[in-house]
Protein chains: 2
Amino acid sequence: MYQPTATEENYLKAIYHLSNTGIKSVNTSSIATSMETTAASVTDMLRKLSDKEWINYEKYKGVKITRKGEKVALGIIRKHRLWEVFLTNILEFEWEEVHHMAEELEHVSSEELIKRLDKFLGHPKFDPHGDPIPDQTGKMESHDKFTLSAGEAGEKYTLTGVTDHSTLFLKHLRKYGLLPGVTVSIAEIMDYDKSMLVKVSKDKFHLSLEVSKNILIKKYVGSK
Amino acid sequence: MYQPTATEENYLKAIYHLSNTGIKSVNTSSIATSMETTAASVTDMLRKLSDKEWINYEKYKGVKITRKGEKVALGIIRKHRLWEVFLTNILEFEWEEVHHMAEELEHVSSEELIKRLDKFLGHPKFDPHGDPIPDQTGKMESHDKFTLSAGEAGEKYTLTGVTDHSTLFLKHLRKYGLLPGVTVSIAEIMDYDKSMLVKVSKDKFHLSLEVSKNILIKKYVGSK
DNA sequence: TTATTAATTTAGACAAATCTAAAAATAGAA
DNA sequence: TTCTATTTTTAGATTTGTCTAAATTAATAA
């Protein structure tokens with residue numbers, strides 16, 4: 001119907017993420033915070049998005065994304081994550097470097113381009129941070145909701161993703177070799193502060209609860 | 001100094017091309033034509049570009065691009081042509097399909113991205129249409145100015161590029177297998193209309209002057 | 001050289017996206 | 001329930017890039 005502008009795409013992406021990962025209702029101020037703008041700007045944009053039927057919006061009542069809006073958001077998320085795979089796997093950027101570039105590349109409009117990029121990359125199912133990549137119809141594998149902080153001493157896990165995507169956190173994890181696919185064994189959990197002693201390949205080190213809460217895992221299922 | 005917007009980049013690119021490939025002076029209306037906009041819009045933009053010292057501009061006197069402006073333009077041309085190489089060589093698009101996508105990709109800002117893309121592609125010197133790719137400092141190999149229409153009967157040439165970049169023309173050439181790098185022998189030139197009978201691999205066919213004028217060549221220099 | 005035509009610039013307006021400051025509506029506490 | 005604090009919306013401006021129509025300058029032809 002309408003062709004969204006890059007700004008509209010960014011709002012829809014933010015609203016989609018808030019709808020799914022956030023706990024609270026999607027209101028004007030939460031959108032303003034995540035878009036780093038003012039509540040007044042958000043109100044203006046909500047009216048536009050509503051006119052175009054990408055969201056349902058009533059004054060003072062918050063926002064709900066429509067099927068149409070969700071389709072737009074998933075399309076952008078697909079592009080973003082495919083470009084992230086390209087940047088890390090092909091151009092050999094580190095996982096903490098790619099987010100900003102992908103934010104620009106995701107707005108390049110050609111559908112055929114993204115179809116061929118997907119094929120060239122081998123139809124990846126997850127991006128470098130372990131987030132699932134939607135297919136052309138918007139379907140994707142669901143993320144493991146398990147965090148390392150909920151793991152048990154003596155157990156072995158595979159790192160599948162992160163919940164904090166900040167550069168700072170990702171750089172921190174790479175210092176320990178904590179990357180998607182890596183095996184993590186919990187040697188001990190400290191009663192006092194819930195920090196844990198973990199083993200990654202041959203290294204042993206402590207992780208604070210702050211860190212383990214932001215690491216997604218699944219149960220380890222054998223080496224081959 | 002200033003960071004050009006995508007629109008400013010497009011104007012500078014157009015002015016650069018008009019300055020180099022065009023015959024006439026770069027005036028308001030020629031820019032308006034090439035940007036597909038109105039003279040009034042061009043005048044507005046010329047003032048802005050002049051304020052930022054990317055061009056020298058005096059009312060009613062036409063435009064001259066500055067060194068600074070040239071640097072911006074060459075940066076964009078470099079990005080455009082490298083993305084075109086990526087799209088044809090890696091994603092296997094045809095040469096007539098890539099221009100529009102490259103127009104979007106060229107405005108993605110990261111210098112590091114383009115540096116790595118260049119490396120990944122093997123530091124190509126020419127894009128799929130035979131146009132030279134500037135290096136990081138703006139230097140590039142000069143285009144062969146020789147067109148096939150100036151060739152001689154009985155001689156052998158290598159196709160190096162085109163002067164008409166339209167989809168229609170490029171599609172037309174591909175039908176004959178006329179692509180950069182291909183060897184073209186002129187069998188005969190017709191006195192009447194200057195059309196020529198040429199041989200490309202095992203095929204022989206006629207080319208009108210209209211077509212041969214838009215094909216760039218250099219002398220053939222042996223098979224190995 | 002003067003008159004007419006063509007090119008260019010100015011004036012004023014518009015759309016998108018943003019902002020600050022003020023007004024209105026809702027939510028929470030007493 | 002009524003008052004206060006918070007959230008949200010409105011009002012009015014700003015910036016970027018665009019437009020049409022009118023005015024101005026330059027070019028050209030008689």
Side-chain angles (χ1 to χ4, degrees), chain A residues 1-15 18-19 22-65 69 72-73 76 103-104 106-107 109, chain B residues 1-15 18-19 22-65 69 72-73 76 103-104 106-107 109:
Chain A
M1 206 112 330
Y2 297 98
Q3 195 59 37
T5 65
T7 311
E8 286 169 339
E9 288 178 343
N10 286 334
Y11 270 94
L12 287 170
K13 192 175 47 148
I15 292 166
L18 288 168
S19 307
I23 309 129
K24 301 173 188 175
S25 80
V26 182
N27 55 16
T28 305
S29 54
S30 62
I31 298 168
T33 304
S34 88
M35 296 286 297
E36 295 185 298
T37 184
T38 60
S41 301
V42 173
T43 300
D44 289 343
M45 182 54 79
L46 292 183
R47 219 187 305 280
K48 287 181 202 169
L49 296 177
S50 181
D51 287 348
K52 291 171 182 167
E53 298 183 334
W54 290 317
I55 59 170
N56 288 316
Y57 166 63
E58 276 179 275
K59 290 204 295 186
Y60 299 102
K61 298 277 169 65
V63 167
K64 218 182 152 199
I65 196 162
V72 174
I76 297 302
E103 294 258 83
E104 290 190 62
E106 73 191 10
H107 301 294
S109 61
Chain B
M1 206 108 334
Y2 297 99
Q3 195 59 34
T5 66
T7 311
E8 287 169 339
E9 288 178 344
N10 285 335
Y11 270 93
L12 287 170
K13 191 173 51 149
I15 292 166
L18 288 168
S19 306
I23 310 129
K24 301 172 190 176
S25 79
V26 182
N27 53 17
T28 306
S29 54
S30 62
I31 297 168
T33 304
S34 87
M35 294 289 295
E36 296 184 299
T37 184
T38 62
S41 301
V42 173
T43 301
D44 288 344
M45 183 54 80
L46 293 184
R47 220 186 305 281
K48 286 180 203 170
L49 296 177
S50 181
D51 287 349
K52 291 171 180 166
E53 300 184 332
W54 289 318
I55 59 170
N56 288 316
Y57 165 63
E58 276 179 276
K59 290 203 296 186
Y60 299 104
K61 297 277 171 63
V63 167
K64 216 179 155 204
I65 196 162
V72 174
I76 296 304
E103 295 257 86
E104 290 189 62
E106 73 190 10
H107 301 294
S109 61

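Put simply, NZ on Lys48(A) and OG1 on Thr7(A) are 8.5 Å apart, with the number rounded to the nearest 0.5 Å.
Out of dA17(C), dT16(D), dT9(D), the shortest distance to the side chain of Lys48(A) is found at dA17(C). For Thr5(B), the side-chain atoms get nearest to dG17(D) when compared with the rest of dG17(D), dA17(C), dT9(D). Distances were taken from every side-chain heavy atom of Tyr60(A) (C-beta onward) to each of dA26(D), dT18(C), dA25(C); the shortest belongs to dA25(C).
Here the closest non-hydrogen pair linking Ile65(A) and Leu12(A) is CD1-O, 4.0 Å. Between Ile55(A) and Leu46(A) the shortest heavy-atom distance is CD1-O, 3.5 Å. When all heavy atoms of Ala39(B) and Ala32(B) are compared, the pair lying nearest together is N-CB, 3.9 Å.
Atom P of nucleotide dA11(C) and atom CG of Asp44(B) are separated by 11 Å, given to the nearest angstrom. The nearest whole Å value for the distance from the NE2 atom in His107(B) to the P atom in dG17(D) is 12 Å. Between Glu58(A) atom CD and dT8(D) atom P there is a gap of 15 Å when expressed in whole angstrom units. Atom CG of Leu49(B) and atom P of dT18(D) are 11 Å apart (whole Å). Straight-line distance from the CG atom of Asn10(B) to the P atom of dT16(D): 17 Å, rounded to whole Å. Atom CE of Met45(A) is separated from atom P of dC19(C) by 11 Å (rounded to the nearest Å). Atom pair Lys61(B):NZ and dA27(D):C1' shows a separation of 14 Å (rounding to whole Å applied).
As judged by a 4.0 angstrom heavy-atom cut-off over every strand, Thr43(A) is placed among the base-contacting residues.
Side-chain N/O atoms of Ser29(B) include none lying less than 4.0 angstrom from OP1 or OP2 on dA6(C). At the phosphate of dA17(C), OP1 or OP2 sits under 4.0 Å from a side-chain N or O atom of Thr7(A). At dT9(D), none of the side-chain N or O atoms of Arg47(A) fall inside 4.0 Å of OP1 or OP2 (strictly under the cut-off). Here Lys59(A) does not reach the OP1 or OP2 of dT7(D): none of its side-chain N or O atoms lies under 4.0 Å away. Contact annotation: Asn27(A) side-chain N/O to dT7(D) OP1/OP2 distance is not under 4.0 Å. One finds no side-chain N or O of Tyr11(A) lying less than 4.0 angstrom from the OP1 or OP2 phosphate oxygen of dA16(C).
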TODO: For the pair Asn27(B) and Ser30(B), evaluate side chain to side chain donor-acceptor pair (under 3.5 Å) and give the outcome as yes or no after the intermediate values.
DONE: CA-CA 6 Å; Asn27(B) 53 17; Ser30(B) 62; 2.8 Å; yes

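Residues from residues 30-42 of chain B placing a heavy atom under 4.0 Å of any atom in DNA chain D, listed by number, are Thr37(B), Thr38(B), Ala40(B), Ser41(B).
Put simply, the side chain of Tyr11(B) reaches to within 4.5 Å of the side chain of Thr37(B), judged on heavy atoms.
Pairs engaging residues 2-13 of chain B under the salt bridge (charged side-chain N to carboxylate O under 4.0 Å, His left out) rule: Glu8(B)-Lys52(B), Lys13(B)-Glu103(B), Lys13(B)-Glu106(B) [sequence neighbours left out].
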